[in-house]
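Take a look at the structure set out below.
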Amino acid sequence: MSAAPRPPVRDGEPGPTAFALAAPPVPRALGPGPAVGRVRPGGPRTGAPARSPRSRTSLRVLTAAVVALGLSSALASPAAALAVSAPAPAVANPTPTPSTVTVTGTGSASAVPDLAVVGMAVEVTAPTAEKALAAQHAAVNALLGALRGQQVAERDVRTDSLELSAVYEDGGGGGTSKLTGYRAAQSFSVKVREPRRTGRVIKAAVAAAGDAVRVNGVTFDLADARPLRAKAREAAHEDARSKAEHYAALTGRELGRLVSLTEAESGNPRPLTVSPSAFAKQEGVLVAPGEIQDSVSVVAVYELQ
């Protein structure tokens, strides 16, 4: 059986096997290949068959397709190219944290009280409110006169309360009560700025107002507690620094600067209270017992070098 005749190929059209037979050119970087032929001026290559116009056209089309395919692959992943070429950021060295020591310091100070505060009251009971107020007024005048006689200044006497109330008595059965009179009372705070004179002031007040006077107690205090607090703070600071120096020596370090200092909650100096029974003897002169103490606590943070 004979082969069917092929259709004629027109000039300029690619042959049916042009893409299969054509090969991409060998790059010059790979070195020269076997000699295919040399081109002589004015003549065809020696030892190589002459290519037709159809072959040259097919080769140009294949080369353009390969170039286009490589360019599109490079454009498809620009991020990858940037990621590979970008330099890594430099990492800064962090600043080292200095070593510290935290200690608690306590300090206290004491002082002799220079002020006595005497709580006094005048209380009178009478059948009517008018008589109770009149009797109470007379007793208060006598009390204030006695205080002035003991060199107690008017600014050092303060009224704390004033009261007028009815007095009832249980009437027996039935839960009834009977009005028996009225009670008028007034309380004072008396500052004695010379504590050694406290006994004399109380004796003079009782002598002047008689049975209407009540002594509720005596409190010894300081007129100005700031110097005592300052001494307690100094002692607390010295205690904290001494402890910090000790810890630094134990760890083979030197004590550096003070980073922070915090004072803990501290109450006011606690006054001394004396019971009224201490004044039972009128001839006795009260002397300020002991001393008033104040204490401070601080938290200090030091650097270690």
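Values in this document were obtained by computation on a predicted structure and should not be read as measured data.
Looking at Q136 and Q186, their side chains do bring a donor and an acceptor atom within 3.5 Å of each other.
The backbone N or O of D211 lies less than 3.5 Å from a partner atom in the side chain of R214, making a donor-acceptor pair. Remark: the backbone N or O of S161 is paired with a side-chain donor or acceptor of S187 at under 3.5 angstrom. Judged by distance alone, the side chain of K178 and the main-chain N or O of D170 form no donor-acceptor pair under 3.5 Å. Between the side chain of R183 and the backbone N or O of S165, no donor-acceptor pair lies under 3.5 Å. Counting only distance, with no hydrogens or angles, the side chain of S242 and the backbone of D239 share no donor-acceptor pair below 3.5 Å. Of the possible polar contacts, none joining the T159 side chain to the F188 backbone as a donor-acceptor pair under 3.5 Å is found.
Results of the side chain to side chain contact (heavy atoms under 4.5 Å, CB included) test with Y302 over L261, V259, L258 single out L258 as the only residue that passes. The side chain to side chain donor-acceptor pair (under 3.5 Å) test with D156 is passed by exactly one of K191, Q151, R193: R193.
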Walk me through it: do Q150 and R197 pass the test side-chain hydrogen bond (donor to acceptor under 3.5 Å, both in side chains)?
CA-CA 8 Å; Q150 293 296 320; R197 294 176 54 86; 3.1 Å; yes

Could you walk me through whether I202 and V218 pass side chain to side chain contact (heavy atoms under 4.5 Å, CB included), step by step?
CA-CA 10 Å; I202 294 175; V218 178; 4.0 Å; yes

Does the side chain to side chain contact (heavy atoms under 4.5 Å, CB included) test come out yes or no for V201 and V118, once each step is laid out?
CA-CA 9 Å; V201 171; V118 183; 5.6 Å; no

Show the numbers, then the answer: is there a side chain to side chain contact (heavy atoms under 4.5 Å, CB included) between T104 and V298?
CA-CA 6 Å; T104 300; V298 297; over 6 Å; no

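A salt bridge links R257 with E303: the distance from a Lys NZ or Arg NE/NH1/NH2 to an Asp or Glu carboxylate oxygen falls below 4.0 Å.
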